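First up is the structure itself, then whatever we jot down about it.
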Amino acid sequence: MSDKRTMVESSGLEPTGGWSRRSILKGAAASAGLAAGSGAITGFPTIWAQNLKDVTLLQVGGSYSAIIDIARKASEDLGFKVEMQTADHAALLNRLVSQPESLDIADTEFFFLNYTVPRGIIQAIDLKKYKWWDQVVPIFTKGQYPDGREVSRQGINPYEVQYVEKPGDKTFAKGPTGWVTGIPTVYNADTLGLRPDLINRPIEHWHELLNPEFAGKTALVDVPQIGIMDAAMAIESGGDLKYADKGNMTKDEIDQTIEILIKAKKAGQFRAFWSTFDESVNLMASSEVVLQSMWSPAVTAVRARGIPCYYVPLKEGYRAWGSCIAPMAHLKGLKLDAAYEYLNWYQSGWQGAFIAKQGYYTSVPETAKKFMTENEWNYWYEGKPATKEIKDPYGNHIEDAGQVRDGGSFWERMGNIACWNTLMDENRYMIKRWNEFIAA
Amino acid sequence: MTLPERLIPYLQVLPLTLVLLLFLGVPLAIVVVVSFFDYDIVSVIPTFTFQNYIELFRSGLTYDLYLSTLKYALIVWAITLLIGFTVAYFLVFHVRSLLWQIALFLLCTVPFWTSNIIRMISWIPFLGLNGIFNQSLIALGIVDHPLAFLLFSDFAVVTTYVHLFTLFMIVPIFNAMARIDPAIIEAARDGGASGFRILTTIVIPLSKTGIALGSIFVIALVMGDFFVVKIMSGGQSGNVVFAMSNEIAMLQYPPAAASAVVLIVIVSLMVAAILKIVDVRRELAG
Amino acid sequence: MAEMRSGRRPWTFYALAAFFTLFVLFLYGPMSAIYILSFQGPNGGLTFPLNGVSLKWFYALFQQQRTGDIAGSFARSIALALIVLILTVVISVMAGLAFRRRFLGAGVIFYMAIASLIMPGLLVSLGIGLMFQFLGIGTNWYTSALGAHLTWTLPFGLLIMFAVFSRFNRAYEEAARDLGASDWAILWTIVLPILLPGMIAVALFGFTLSYDEFPRTSIAVGPSNTLPLEIWNMTTNVTSPALYAIGTVTTAVSFLVIALALGSIALIQRRRTRRVLQTSEGGR
């Protein structure tokens, strides 16, 4: 079989199907005219290597991002094997540090870069080989909104950890360079979720989370770094405290925040602190809480059960987070080429459309647009009312026609970021005090 | 092939030793060594410092967490002991046919084939405000509004522990009781002893190995757990390993390692205490 | 087993039977939520109310939908648990035999086993991962995860063996030896049969502990997850009643296996009794 293949290649005669496409592309890829248009769907792989198909890439990340369907589609389109494995944050980080060679693509949140780059665990990505950077949303490339305003620097703004001067650097560059630390893939703006049928008035400020009116019916997320920022948003919105940087609190600010939290906890403000996605969904769906920090797909999940749930845009803004993928430092040669293929495929639209239907944004919306129906695009990105029912990537009904996405369009949401998910300098102290708060 | 008599035990214990040395010894050694290291946000710094231990012992949080964990351990131990003993007693002494014994015993084990995590998640629809238990209570007229303390509370944590770990108490006690020679009991009864007397002077002393073992299992399991507490208390309670897992999630290895060493020492002491009362090892050589 | 005077049962029987029933209800209580919810309607979630009834989630188990790689991780977990079961029984029995005599290092090994029981799983996982990385071996569910599971199950196995041996009457062995049996024969025909209940207990613990194990596996699992890990990771994303379908399916399978096992035991017993009655005219 393989003999036949070599013969065919060297003779220039093509059998049917995939091989002929590849030989065309081999020449076409050399010419820069290969626009995303026709190439995006069938244009992979763009490099030609006989044993590329023997390569296997393993991507490990959170279950919201490392989705098996994406791996399957990638393997199909690219011709080599892509595998996904899920891991929770703690296990992932520890594995990255202790067994870096056990995976190929690190799929992590941006603030992980603060751990991985100084330790040389991942390698910088050459923007000359990655073709979508110009189309990436300026939040990541320039740290700005399209109108030129700077995106909030509170917390770990992806722009601050996006660039390095050259490969192998252990510190970040201050501005755009030709080398990036990770390709932004999945991100969103988080806020509070509520039960509009159980709360009879509009909620417009973060401080409602600590409002005694909802005592015993609120919940916070039990991840210290996130929970404390949601708390800080609530506290600052209530006017009790003004933070220099909610994403990087001083010891003093931490102390004051924890004090307020302990007082609220003792007064019975919180019903629970949820640590799994399902808990948040269950808490809301079973009416145990009416207002809580939530993730976007959780709101969708509650609604899919026929229970009203609203992801409320608040005046003070959203807490944003983002994930990126990066090749591990040990990749080289053929595997590294395959990795670049994969990175380019990742942003070519299919993955973007897939996660969009879960409520997440992709950093190259224009390619995703091609894989979404006009209805879906209008609903998820433009904030327009749906003309037909909206379904999730698995075909389940999420939203009826006529509904508008909570919070509106992409720029209405991502344009109002108050802070980013973070890793504080005083992280250790913060965790210690958070543990005290939990134990109180 | 006759091996020298002396060598046989060494060969027999070899697989155990190898596995333990390799898969436990190495991590344990690393943990002990790292507990004396220093660290910053980027890396772990190999030096020799007592800083981690000092901070551990100086912090009020440590004592709170240990108190909380010990509280759970003791309560769960007492309850599982009571339930485990009673169930084992019933199965051994009151169930007549061997087949029924096995059947009922296996009936108790079937829930264990379902993953722990699924069972834990299922407590929420069972104990929640809208859950089966509350709905039944309301339907039966026992209460008129759902009980909130059932879930996300100490009650929920203890209940879950009991649910998960009672089997570990039942099995050793069952084994121990099953070995009691029925003739002894017959003799005691013929001698006129009451059921209660038989219980306290014969059954309990003869099952003490089983009780000791079950206790060791349950205490070790509770002291070493973190995610039952995390989920069932709704994040409102902490325990030692949970705090440790937070530190590990932040790559703060030295204080986590120090915490682990202290935990191992403390629980080993508890186990040693149990073994002092019931010397399982000495009975071995007899 | 101790037998009460046949016929009349003392009141304690009924009291204890009631207690036992309550206990079984307690065990199966949350399971009932699982069984009911596994028939959850297509749009339903992990809690009540039931949004219609369907078999959708049972199908979902075998398709790799958003449920993650349930089928694959389930197969891995079962395979791993079986391997752990066998190894634990073999190693524990051998070690138990060893500990009957005095040998150098017995105390150290014993307390290492205890330490293995107590050591927080995350650190075991981390240590094993580091070790494999250092040695340049890839981690995998049948290597590093297997080792991690063994550190968890072997202490249980060892302690149970201790308990079993502690009531072991050496007289049988000595009698057999006096009659001229070889060491192997003694082992096979006398020691192991007596140990059998203990071995079954070890097997039971070995399997369940491995099947449920989570922290020790988490960092050292290699490129494919076991079932508890997969489930736990799915909890950061939309999960589905397919999880409950797993619970229902495993329960159904367990009941089936138990029914078969008990059925065959009953059959064997009946045949044995018949044979005994036949060979020794008039029975025992």
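Reminder, nothing fancy here: chain letters follow the sequence lines and each chain counts from 1. Bear in mind that the values here come from a model prediction, so they are computed numbers and not experimental data. Values reported hereafter were calculated over all heavy atoms of this structure, with side chains retained and with hydrogens, waters and symmetry mates removed.
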Any luck finding a side-chain donor-acceptor pair between Gln99(A) and Thr139(C) under 3.5 Å?
-> yes
Any side-chain heavy atom of Pro223(C) within less than 4.5 Å of one from Leu103(A)?
->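 No - every pair of side-chain heavy atoms lies 4.5 Å or more apart.
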Determine yes or no for a side-chain-to-main-chain donor-acceptor pair under 3.5 angstrom, with Asp88(A) supplying the side chain and Asn233(C) the backbone.
-> no
Would a distance-only check, ignoring hydrogens and angles, find a side-chain to backbone donor-acceptor pair under 3.5 Å from Glu230(C) to Gln85(A)?
-> no
Looking only at heavy atoms, what is the nearest atom pair of Ser218(C) and Ala91(A), with distance?
->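 Closest approach of Ser218(C) to Ala91(A), heavy atoms only: O-CB, 4.0 Å.
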When rounded to the nearest 0.5 angstrom, what is the spacing between [atom1] in [X] and [atom2] in [Y]?
X	Y	atom1	atom2	answer
Ser102(A)	Asn140(C)	OG	CG	10.0 Å
Ile231(C)	Ser63(A)	CD1	OG	12.5 Å
Asn94(A)	Leu126(C)	CG	CG	5.0 Å

Structural part of Leu58(A) lying under 4.5 Å from a heavy atom of chain C |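 The side chain, not the backbone.
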Lys81(A) NZ: over 12 foreign heavy atoms closer than 6.0 Å =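 It does not: Lys81(A) NZ has 12 such atoms or fewer within range.
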